[in-house]
Amino acid sequence: MSAAVLQTDPDCNNTNEDSDSTSDGLETEESAVSIGDHDDYPAMVWDQERPGDRGISSFDAALSLTTAIVGAGVMALPQLPSKAGLYPCMICMVIGVWITYECGSSFHKANYGWNKKHDESQRLKTFEDFGQAAMGNGGALLIRISVLAWFIGVCSGFLILMAQQVELISGMGWNYRIWVLILAPVLWFGCMLRDLTALSKLMPLGVLGAVGSCALIMIKAFRDLDVWEDWPEKEKSELHSEWPEHGYMALGSVLATFFGAFGVMGNIPAIASEMRHPWKFPRALRLSLTLVFALYLGVTLIGYWGYGNTIQSNILNSMSRSPGNFTQASMPYDKWTGPRSSMIPTVTAWCVLTNLMLSYPLCMMSVFVSIQSLESVQQQLMPGTCANYLMRTGFVAITIGIALALEDFPLVFGLFAAVNMPIQAVFVPIMFGSRIRKKIGAKQASTCRRIAHGIIFLIATFCLVVGTTDAVQGVVAHFTG
């Protein structure tokens, strides 16, 4: 399935460029050598200054990308079919992974081509550098704003999930918002660390927590099929939605959620620059997305099928309690009288909490570094200064405020994904990438690929407009309903 997902029309000028043949890569008329997986491709400039065996392999790069992609976003996936129907969600997942691969490849080709043409001082090392090279200060500012908004939204969602996990683990019955306030000083302290190097070394443990939570969700959902298997056929037929039952507006936020769950664009420069053979990056990206796609497919399908339209916004609630009958399924979950479980939900909560306690300060550090790197405030916001601590405290306070106002993780994740991911995951890599390739004299995209990019632009625009509208309506309903 992954090969079908990551391929388009093989007869249309290699629309999906295989890693061994890049039809619109960096190419010269004399040599006809393209950026691809060619072992005889000339070494990059910096490879002349260090041994050829330095750097990570394509497989290591794929694992690094997988680590960057897989996170708490998986907690929002099983609920999506209840909003937009099972079949449309599967289509959106396929579209999401294809667009991520296509845009990631476009981003990398421009990034790699620029770095090959320029010396060390001018090479692109960050996402903001990419925007600067393409559109000057305006491009860098657009990327900075989008990335800042995205990470603030993601970290707000992390805090929501952490409070929900601690609420379940403690079993004390305290209000969710109390746990948000209890966690706040702990997370604030983690964000005040000058250097998160030691914390980043624990991220493999965080990834194990994310993958472990996925496995436990699938196991528990599969076991809970017994809850409704004996219900009357009419009731079972209403338990799952194959197609949208409340209009197609929800497809916008569902597609945005998949964009967010597959999001990896900002990590590409750092990972690609560490590869032994950077031109093999498309192979690493393809392998990583194949692994993530398989994992997300399992979580979405099994998680939703196990609980159907009774699934709660916090899936741990569904894993902990079951409705006694179909009529009861429409009641609040704390009124359910069916079978209860504590062990698997508790272990899952610990897995999620482990991942999030490490991910929150690391993601917030991306916000802090982005602000600290602004030339206009670099001196005033030097690490260790009072102004720096106040800046960090302010951004942490924003995430706390969002978490106190909204306790629905899928809603928060979908809202920020709809607003930001079309920009940073589609418009920037394709439009800015094309501009950079033109600047360095690289061969431009083929006609077939331009048509594909046009289709991608339409999908991203739908996601931005319809997804944001649907998510905002959800926020309004949360406060008024």
Side-chain angles (χ1 to χ4, degrees), residues 68 71-73 126-128 140-167 170 174-203 206 260 263 266-267 352-409 411-413 415-417 419-420 424 475 479:
T126 67
F127 206 7
E128 286 88 349
L141 180 62
L142 174 64
I143 290 178
R144 192 185 303 275
I145 292 173
S146 178
V147 170
L148 285 176
W150 170 242
F151 277 121
I152 288 173
V154 166
C155 288
S156 301
F158 286 175
L159 182 50
I160 292 170
L161 282 177
M162 280 187 277
Q164 292 174 344
Q165 312 317 303
V166 177
E167 183 181 14
S170 69
W174 290 4
N175 184 274
Y176 153 83
R177 289 176 176 80
I178 293 177
W179 289 113
V180 170
L181 295 174
I182 290 174
L183 287 168
V186 178
L187 297 174
W188 176 87
F189 178 80
C191 290
M192 294 302 113
L193 298 175
R194 181 189 296 264
D195 186 359
L196 294 182
T197 302
L199 193 61
S200 66
K201 292 180 180 179
L202 296 175
M203 274 312 295
N267 303 94
V352 174
L353 190 61
T354 300
N355 173 269
L356 298 178
M357 290 297 290
L358 295 170
S359 298
Y360 182 94
L362 288 173
C363 288
M364 288 301 291
M365 183 56 67
S366 298
V367 175
F368 304 151
V369 169
S370 181
I371 296 297
Q372 291 166 191
S373 64
L374 289 170
E375 292 185 6
S376 58
V377 295
Q378 273 185 345
Q379 294 302 317
Q380 295 90 333
L381 293 179
M382 291 290 291
T385 63
C386 180
N388 187 278
Y389 288 132
L390 288 175
M391 178 270 293
R392 296 183 182 211
T393 300
F395 280 111
V396 171
I398 292 173
T399 66
I400 294 171
I402 294 173
L404 288 172
L406 292 167
E407 56 184 285
D408 189 329
F409 172 71
L411 179 59
V412 172
F413 190 83
L415 173 62
F416 281 90
V419 174
N420 294 286
Q424 63 178 272
V475 172
F479 288 112

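Heavy atoms only: backbone and side chains are in, while hydrogens, waters and symmetry mates are out.
Note that the CD1 atom of Ile143 and the CG atom of Leu148 stand 11.5 Å from one another [nearest 0.5 Å]. Between Thr399 atom OG1 and Leu404 atom CG the span is 9.5 Å, to the nearest 0.5 Å. If you take OG on Ser366 and CZ on Phe127, they are separated by 12.5 Å, rounding to the nearest 0.5 Å. Separating the CZ atom in Phe151 from the OG atom in Ser156 is a distance of 13.0 Å, to the nearest 0.5 Å.
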- [ ] Could you walk me through whether Arg392 and Met364 pass side chain to side chain contact (heavy atoms under 4.5 Å, CB included), step by step?
- [x] CA-CA 8 Å; Arg392 296 183 182 211; Met364 288 301 291; over 6 Å; no
Open item on the list: Could you walk me through whether Ile160 and Tyr176 satisfy the side chain to side chain contact (heavy atoms under 4.5 Å, CB included) test, starting with their C-alpha distance in whole Å, then the side-chain angles of each, then the deciding distance to 0.1 Å, before giving a yes or no?
Closed with: CA-CA 9 Å; Ile160 292 170; Tyr176 153 83; 3.3 Å; yes
TODO: In sequence, state the C-alpha distance, the side-chain angles, and the governing distance for Leu406 and Phe479, and then conclude on side chain to side chain contact (heavy atoms under 4.5 Å, CB included).
DONE: CA-CA 9 Å; Leu406 292 167; Phe479 288 112; 4.0 Å; yes
- [ ] Take Met357 and Leu187 through the side chain to side chain contact (heavy atoms under 4.5 Å, CB included) test and state the conclusion after the steps.
- [x] CA-CA 8 Å; Met357 290 297 290; Leu187 297 174; 4.1 Å; yes
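Side-chain contact check for Ile152 versus Phe395: some heavy-atom pair is nearer than 4.5 Å. Val475 has its side chain out of reach of Asp408: every pair of non-hydrogen atoms, C-beta onward, lies at least 4.5 Å apart. At least one side-chain heavy atom of Phe416 sits less than 4.5 Å from a side-chain heavy atom of Ile402.
Minimum interatomic distance between Val180 and Ala163 (heavy atoms only, all atoms of both residues): CG2-CB, 3.6 Å. Taking every heavy atom of both residues into account, Cys363 and Phe158 meet most closely at SG-CE1, 3.9 Å. In terms of heavy-atom proximity, Cys155 sits nearest to Tyr360 at O-CE1, 3.4 Å. Taking all atoms of both residues into account, the shortest heavy-atom contact from Met162 to Leu353 is CG-CD1, 3.7 Å.
In this structure, Trp174 and Trp179 have parallel ring planes: the angle between them is below the 30° cut-off, well short of the 60° mark.
Judged purely by atom type and a 3.5 angstrom limit, Gln164 uses its side chain to pair as donor or acceptor with the backbone of Glu407. Counting only distance, with no hydrogens or angles, the side chain of Arg144 and the backbone of Glu128 share no donor-acceptor pair below 3.5 Å.
Screening Thr393, Leu183, Ile400 against Trp188 for a side chain to side chain contact (heavy atoms under 4.5 Å, CB included) leaves a single residue, Thr393.
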